[in-house]
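Accompanying notes for the structure given below.
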Amino acid sequence: MRIAEHVDVAAPADLVWTQVSDPARVLDFFAGVTRWEVAGTRPRGLGARYRMLMRVGSAEVGGLIEVVEFSPGRDLAWTSVTGVDQHGRWRLRETRDGGTRVELRLQFGVAGGGLFGWLAEQLAGPIVRGNARRTLTQLTRTVEHEQLRAAAARRRAARS
């Protein structure tokens with residue numbers, strides 16, 4: 001099953017990147033994800049590994065994932081090492097108005113699951129798509145709020 005959702009955020013790509021590339025912040029905005037913890041010596045970047053779980057209905061599914069693409073300010077992609085077969089990608093592109101188009105792509109499947117695997121994918125698809133949409137909404141809110149906080153701090157500093 002493949003899912004791709006996008007949103008335009010009224011903030012520069014570096015602010016969005018700060019959120020999506022920091023494993024300590026993922027649980028703040030990634031809807032449905034109940035665990036995202038560093039599983040190795042490398043906390044971020046190419047080769048970083050995380051133990052992740054996402055609630056899908058009454059089950060928590062996931063496993064060990066590894067970052068396979070890390071292009072600062074542009075792309076971050078991961079793939080599963082163990083657990084549910086999955087791939088994910090954050091894609092950031094600047095918009096003409098100085099904002100950022102953020103795309104979240106998720107692909108998952110039940111390897112060798114036959115008919116029951118296909119059925120599980122069909123049942124999980126709408127839930128994961130809803131999680132992706134809520135993730136982008138929450139990410140937008142988080143980034144735009146952070147941008148407002150930074151602007152207020154600059155104004156306070158200028159008055160001092």
request  = Decide whether Q86 and S80 meet the rule of one side-chain donor and one side-chain acceptor closer than 3.5 Å.
outcome  =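 No pair is found: no donor N or O on one side chain lies under 3.5 Å from an acceptor on the other.
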query = Does any donor atom in the side chain of S21 or R44 lie under 3.5 Å from an acceptor atom in the other side chain?
reply = yes
Practice prompt. Determine whether T135 and L104 make a side-chain contact, defined as any pair of heavy atoms from C-beta on separated by less than 4.5 Å.
Written response: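 With C-beta onward as the side chain, the pair touches.
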| query | Can you tell if the side chain of V102 reaches within under 4.5 Å of the side chain of W17, non-hydrogen atoms only? | reply |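 No; the side chains remain at least 4.5 Å from each other.
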Decide, yes or no, whether a salt bridge links [X] with [Y] under the criterion of side-chain N to carboxylate O below 4.0 Å.
X: R49; Y: E66; result: yes
X: R93; Y: D75; result: yes
X: R89; Y: E69; result: yes
X: E103; Y: R105; result: yes

Nearest-0.5 Å distance that lies between atom [atom1] in [X] and atom [atom2] in [Y]:
X: D85; Y: T79; atom1: CG; atom2: OG1; value: 6.5 Å
X: L136; Y: N131; atom1: CG; atom2: CG; value: 11.0 Å
X: E144; Y: L139; atom1: CD; atom2: CG; value: 9.5 Å
X: M52; Y: L64; atom1: CE; atom2: CG; value: 11.0 Å

Looking only at heavy atoms, which two atoms of [X] and [Y] are closest? And how far apart?
X: R134; Y: A31; value: CB-CB, 3.7 Å
X: Q147; Y: A10; value: NE2-O, 2.8 Å
X: I3; Y: R129; value: CD1-N, 3.5 Å
X: A13; Y: G73; value: CB-O, 4.0 Å

Margin query: Could you check, using the six-membered ring where one of them is a Trp, whether W78 and F108 have ring centers closer than 6.0 angstrom?
Written below: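 No; F108 has its ring centre 6.0 Å or more from that of W78.
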Tell me, with the steps shown, if W36 and F29 meet ring pair (Phe, Tyr, Trp, His ring centres under 6.0 Å). CA-CA 12 Å; W36 190 284; F29 62 84; 8.9 Å; no
Would you confirm whether [X], through its side chain, and [Y], through its main-chain N or O, come within 3.5 Å as a donor-acceptor pair?
X: R42; Y: L46; result: yes
X: Q19; Y: V143; result: no
X: T34; Y: M54; result: no
X: Y50; Y: G63; result: no

Linking I/L/V/M/F/W/Y whenever any side-chain heavy atoms sit under 4.5 Å apart, do [X] and [Y] land together?
X: F30; Y: L53; result: no
X: V81; Y: F70; result: no
X: V38; Y: V20; result: yes
X: V67; Y: L27; result: yes

- Test side-chain contact (heavy atoms from CB on, under 4.5 Å) on Q107 and R2 and set out the steps. CA-CA 4 Å; Q107 181 178 339; R2 292 180 186 188; 3.6 Å; yes
Exceeds 12 heavy-atom contacts within 6.0 angstrom, atom CD of E37: yes
- side-chain contact (heavy atoms from CB on, under 4.5 Å) between R91 and R74: does it pass, once the steps are laid out? CA-CA 6 Å; R91 185 173 189 255; R74 295 191 58 80; 5.7 Å; no
Practice task
May I have the step-by-step check of side-chain contact (heavy atoms from CB on, under 4.5 Å) for T95 and T100, ending in yes or no?
Solution key: CA-CA 5 Å; T95 60; T100 306; 5.8 Å; no
Residues R25, T18; criterion side-chain contact (heavy atoms from CB on, under 4.5 Å); working and verdict: CA-CA 9 Å; R25 296 180 185 202; T18 298; 3.3 Å; yes
